[in-house]
There are 2 protein chains.
Amino acid sequence: MPDITLDERSQLILNAVISCYITTADPVGSRTLWKKYKLTVSPATVRNIMADLEEMGYLQHPHTSAGRIPTEMGYRFYVDALTKAKSKADKIAPQIKELSRWYSGGSKNADDLFKSLCRELSAISQYIGVITTPKWQNIIYKHIKFICLRENQYLVIFVTQNGIAQQRLIEVKEAYTQEQLDQMARCLNDNLNGQPLTQVRKKILELMAQEKDAYNRLLQDAVELSQGVLNNIAESKLYVEGELNMLNQPEFADIDKMKAIFRAFEEKHHLIKLLDKCLNDDGVNIFIGSENEADRMRDCSLVTATYRDHNQVVGTLGVIGPVRMPYSQVISLVEYAAKLLSEILSKQ
Amino acid sequence: MPDITLDERSQLILNAVISCYITTADPVGSRTLWKKYKLTVSPATVRNIMADLEEMGYLQHPHTSAGRIPTEMGYRFYVDALTKAKSKADKIAPQIKELSRWYSGGSKNADDLFKSLCRELSAISQYIGVITTPKWQNIIYKHIKFICLRENQYLVIFVTQNGIAQQRLIEVKEAYTQEQLDQMARCLNDNLNGQPLTQVRKKILELMAQEKDAYNRLLQDAVELSQGVLNNIAESKLYVEGELNMLNQPEFADIDKMKAIFRAFEEKHHLIKLLDKCLNDDGVNIFIGSENEADRMRDCSLVTATYRDHNQVVGTLGVIGPVRMPYSQVISLVEYAAKLLSEILSKQ
DNA sequence: GTTAGCACTCTCATTAAATGAGTGCTAACG
DNA sequence: CGTTAGCACTCATTTAATGAGAGTGCTAAC
């Protein structure tokens, strides 16, 4: 963090350099800047200022006779200024229009909803869309169903309030009739319908303690059967769409950088961890380059926002692109997407 | 198709060139070949033979002073010879060992099974694994379930004999109690359990004609509700894994070729069509380069095999890699994978 | 403090020459 | 007549040299 705040003119130049570089991907020189932004000061002065900015660490030089490009610190300054000024510049960006067209109002099951929104994030931004699913702890138990496929092999289907159906195939030695299975399911459903998943385990234990009668044996089995599915659904899931968009970014024309990116996405748990960390900071979060800890993501930036379900923060969505990214637009997009998703979830 | 069959020595040279090129990816010259395969004839003679092979269209020259590389016709010859000689060379390839280690015998639902096998195909071959799901027509109706999530919003879950559960969220104006829904489902289940999907539609029509009584209205609704899911499940699905492996292939170091490949995979229907065509030809099928009609796949080869469910061909699996591919190994792998999958499906 | 001028630096594209792998051809050999 | 050695030739690739262009940094003047 620099001790001296930049004077207004320096800020102007810095922002100009960055926004110019964002659009062209070429190092920007003093003359270019002067012409493009019709600066009142001459290129020579601009050069002096840029030299100062470089000394302070906001800009860098690929080589002596090239223009300047922003450092991560430069981007950070730019983005911070952007988010501060955000409220006033709240004009309706074209990306937002596009996104609002996406949601036609028809209801989808949650899986399709997330996937489709994730696609949309990617398509509009031309980068990579990511969404983490809600922490399933906040999810409401709706229904469980056991189906006997063949001897000793059962399909367990678990449905949550918002229409997520999880299925799992299990094998047990015990042989149940479909009738018994239905009875087991009914017992669970009657008692657990409408409970948040956090409560379900507790409730199950209560149930088992209460009922000392004939049902008890069946109930135990039912619990055992459903265990796998319930555990499974507790895991949070990551949606990623549009990796291939990175192929179009000039900064990844180098095949090795390309590989690094794709490799980074193979290890999804890193990404999940990063996104989950954002859950605590409500609103928009931005990670520039090496601020994403994963080394392979050092050429990428991540813009995230948290979304809510019935006014409680449950998940994160965002866009991943190159560090050189039109932050302003992406921020609008991500912010709006989060708002939209929150509305959709809360309506359901 | 060449009128004159190649004499033995020419075949030897041709196969040597191809197998050498497959391992090194470099054009192979006469001297190299002579040394590597300890040929009894001199490099000069090899040159003469290669010139002949070139004239016949089996080999080609990137430029005058480079070695030879196979043409598609060359590969075709090589592969045909390979498959003919296959039976005798049926030694246990290391890939097969790896694959047999994969299947631990535990049962999975079909979706996980396909996905996991597809991953395995990709991981072992280091190329791209593909599987088309069975034509769902051959699939057995097991169970349908309607769940009311909230007013006018229902989740339809459809389960097939082999444990595929399809779900769909639908909205209708009609308001049903859960009891009514169960009744509807029971009606369908009682009548359709065990029927192949091809029969289901017919059967439904019969049912509706038969029952003129009170159930009829409910049944009609049930059919309407289930329509979406039944249509959905009729679509065959494509599993693709390991696209990123292509990043390691030297022939795709060029970023544009890379893009072409990835684009090709965005249009999955082409691939599905191609794979479905193989359903008619039982056993292993190989498409070399432009033999895959899609122009973007012209630098790739596809090795497929059909697999069976209870002795009836139901789907195709395969591996996609560069044209320069160790066909022998890949063929073994694909062949064995198909056999294995057939066994697994038939056991269930 | 700002600006104009100018020498200087470094990249990138182009050209030229050197290198070398591998062929094609020819003539000799068994 | 098939096979081989020898040799000139071709063409991609590498290395070096050159020049243009962009942009800076410095200095001196305003």
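The figures here come from the full heavy-atom set of this structure, side chains too, leaving out hydrogens, waters and symmetry mates. By convention in this document, chain letters (A, B, ...) are assigned in the order of the sequence lines, proteins followed by strands, and residues within each chain are numbered from 1. Quick caveat: nothing in here was measured; it's all calculated off a predicted structure.
- In 5' to 3' order, the nucleotides of DNA chain D bounding all contacts with chain B (an atom under 4.0 Å from a heavy atom) are D:dT3 to D:dA12.
- Within a heavy-atom distance below 4.0 Å of DNA chain D, no residue of residues 19-27 of chain B is found.
- Using a 4.5 Å heavy-atom cutoff, the side chains of B:Ile320 and B:Leu271 are in contact.
- Nucleotide C:dA21 holds its P atom 16 Å from the CH2 atom of B:Trp34, rounded to whole Å.
- For A:Lys257 and A:Glu251, the salt-bridge test fails: no basic side-chain N is under 4.0 Å from an acidic carboxylate O.
- Partners of B:Phe77 under the ring-ring contact (aromatic ring centres under 6.0 Å, His included) rule, at least two apart in sequence or in another chain, are B:Tyr58.
- For B:Arg68 (side chain) and B:Val28 (main-chain N/O), no donor-acceptor pair under 3.5 Å exists by modelled atom type.
- The 12-atom threshold is not exceeded at NZ of B:Lys35, counting heavy atoms of other residues, nucleotides or ligands nearer than 6.0 Å.
- The side-chain contact (heavy atoms from CB on, under 4.5 Å) test with B:Cys300 singles out one residue from B:Phe252, B:Tyr127, B:Phe265, and that residue is B:Phe252.
- The distance from atom CD1 of B:Ile69 to atom P of C:dG22 is 14 Å, rounded to the nearest whole Å.
- For A:Ser301 and A:Tyr327, the side-chain atoms include at least one donor-acceptor pair closer than 3.5 Å.
- Between B:Lys84 and B:Asp80 there is no salt bridge, since no side-chain nitrogen of the basic residue lies less than 4.0 Å from a carboxylate oxygen of the acidic one.
- Pairs of Watson-Crick or G-U wobble type, with distances under 3.5 Å, assemble into runs of 3 or more in DNA chain D at these ranges: C:1-30 with D:1-30.
- With hydrogens and angles ignored, the 3.5 Å screen pairs no side-chain donor or acceptor of A:Asn15 with any backbone N or O of A:Leu12.
- DNA chain C lies under 4.0 Å from at least one heavy atom of each of the following residues of residues 36-55 of chain A: A:Thr40, A:Val41, A:Ser42, A:Ala44, A:Thr45, A:Arg47, A:Asn48.
- Nearest-nucleotide assignment on DNA chain D puts the 5′-proximal partner with B:Ser65, out of A:Arg68 and B:Ser65.
- With sequence neighbours left out, the salt bridge (charged side-chain N to carboxylate O under 4.0 Å, His left out) criterion links A:Glu241 to A:Arg119.
- Between A:Gly57 and A:Met73 the shortest heavy-atom distance is O-CB, 3.6 Å.
- A salt bridge does not link A:Glu293 to A:Lys273: none of the charged nitrogens lies less than 4.0 Å from a carboxylate oxygen.
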